[in-house]
Amino acid sequence: MTDTAASSTAEAFRVVKNPNPATDAERAEKLKDLAFGLQFTDHMAHMTWTADGGWGDRRVEPYGPIPMDPAASVLHYAQEVFEGLKAYRWADGSIHLFRPVANAERLQRSSWRMALPELPVEDFMASIDALLELDHAWVPDAPETSLYLRPFLIGTDVFLGLRAPKRVDYLLIASPSGPYFPGGIKPVSIWVERDYHRAGPGGTGAAKCGGNYAASLRPQMAAYERGFDQVLYLDAATNAVLEELGGMNVFAVRKDGTVLTPIINGNILEGVTRKSVIQLVEERDLKVVERDITLAELREGIEDGEITEVFACGTAAIITPVGRIASADFDVTVGDGEPGDVTSAIRQRLTDIQYGRAEDTYGWMTRVR
Ligand SMILES: *Cc1c(COP(=O)(O)O)cnc(C)c1O
């Protein structure tokens with residue numbers, strides 16, 4: 001037993017060092033002009049679960065391809081769930097995570113829905129610690145950059161029958177990243193999708209599972225072809241109520257200062273950013289109302305000036321102003337098409353906390369190094 005194991009219920013991760021890690025010069029080159037999700041660090045954390053033995057074989061190993069049997073269940077039945085969170089480098093060089101336990105717990109809820117085993121929160125946290133112990137130099141320090149962490153579970157059962165897998169792998173990879181939308185805080189344009197839905201009652205909308213995103217690509221492509229950046233989905237039951245974007249939650253700001261966001265209804269992915277934005281809006285003495293918002297209310301509100309700002313939020317893109325919303329029968333500009341005051345203030349406040357420029361009054365940050 002090592003001393004790291006003593007302080008946690010998770011066993012220690014054994015280390016297999018990458019024999020050919022990037023040199024300092026190579027890493028510096030890769031950390032220049034970062035885009036989102038293209039570069040990866042030298043190592044990855046890995047655990048394996050079996051129905052008989054539970055979670056075990058904790059290791060950190062060289063980043064690279066994972067050999068897999070072609071009958072592995074993830075390849076056939078999409079038994080996959082994932083998370084996304086960031087490690088931020090503060091001005092003093094220290095490294096901090098934003099509300100990581102919320103991600104660990106959501107990974108458990110997603111896993112439950114997909115009949116995958118739940119990874120203990122201690123193992124989730126220990127896997128990040130173990131990876132950053134080796135790869136902390138990959139946390140970039142340029143403005144608006146971070147080390148994006150991608151934990152995920154896959155069914156690796158070698159069996160073509162359909163069942164909850166009896167073998168599952170957990171991996172954690174890390175990608176030094178810049179802004180999700182290149183080109184600064186430009187408002188995005190949104191196409192409201194009426195022919196396809198990302199989730200339905202009783203479905204998997206509340207789980208961060210790969211299949212949801214595969215299904216969103218066809219409508220996303222159609223929106224791109226029409227010249228729009230993102231898709232806004234409506235509820236499958238009535239096709240009239242706002243749900244969310246393909247990978248971000250949505251908010252609307254009213255002229256009277258009320259801030260609206262769709263209520264968590266089992267179809268919507270409950271964002272950690274969404275939850276945090278609600279607290280930051282209330283901190284400004286504005287009122288947040290979580291309820292059903294119809295497309296008609298959104299559209300008319302924007303047209304008559306009742307709704308002055310719309311923004312989307314999520315870990316990858318943080319807070320993104322929405323400048324234009326359209327569908328087959330309407331096309332409206334939100335406010336003057338530029339980022340609104342509430343949107344900009346919340347974005348600033350949130351990133352100030354994440355990068356340690358403001359005091360962490362909510363206890364959201366966890367120092368890892
Ligand atoms: C990940 C995700 C979000 C945002 O969640 P955060 O925890 O804020 O990153 C919102 N919607 C969908 C569909 C997502 O996959």
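Start at 1 and go down the list; that is how both ligands and their atoms are numbered.
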message = Starting from atom 5 (O) of ligand 1, what is the nearest protein heavy atom, named by residue and atom, and what distance separates them?
response = G271 CA, 3.3 Å
task = May I ask you to check whether S94 and D92 show a side-chain donor-acceptor distance below 3.5 Å?
result = yes
remark   = For G314, the ligand 1 atoms with a heavy-atom partner under 4.0 Å come out as 4 (C), 8 (O), 9 (O)
key: Nitrogen or oxygen atoms of Y213 and ligand 1 under 3.5 Å apart   = yes
inquiry  = Under 4.0 Å between a side-chain nitrogen and a carboxylate oxygen: does that hold for E118 and R109?
reply    = no
ask   = Is the number of heavy atoms from other residues, nucleotides or ligands within 6.0 Å of OH (Y213) greater than 12?
value = yes
inquiry  = Students should be able to answer this: which protein heavy-atom is nearest to atom 9 (O) of ligand 1, and at what distance?
reply    = T315 OG1, 2.6 Å
remark   = Among R99, K86, E83, E244, closest by heavy atom to atom 12 (C) of ligand 1 is E244
query = Ion pair present between E193 and R226, side-chain N to carboxylate O less than 4.0 angstrom?
reply = no
ask   = When you measure from atom 8 (O) of ligand 1 to every protein heavy atom, which one gives the shortest distance, and what is it?
value = T273 OG1, 2.6 Å
note = In this structure, NZ of K287 is separated from CZ of R254 (nearest 0.5 Å) by 10.5 Å
message = Quick check: Y148 with F36 (ring centres under 6.0 Å apart)?
response = yes
ask   = So is K275 in contact with ligand 1, going by heavy-atom distances below 4.0 Å?
value = no
inquiry  = Measuring from non-hydrogen atoms of E270 to any atom of ligand 1, is the shortest distance under 4.0 Å?
reply    = no
message = When you compare the side chains of E243 and N265, does any donor N or O come within less than 3.5 Å of an acceptor on the partner?
response = yes
inquiry  = Heavy-atom contact check, 4.0 Å cutoff: does G246 meet ligand 1?
reply    = yes
ask   = Quick one: do the R167 and T156 side chains pair a donor with an acceptor below 3.5 Å?
value = yes
ask   = Looking at atom 3 (C) of ligand 1, what's its closest protein heavy atom, distance included?
value = G247 O, 3.4 Å
request  = If you have a sec, work out which protein heavy atom is nearest atom 14 (C) of ligand 1 and how many Å separate them, to one decimal?
outcome  = K208 NZ, 3.0 Å
inquiry  = Show me which atoms of ligand 1 lie under 4.0 Å from any heavy atom of N249.
reply    = 10 (C)
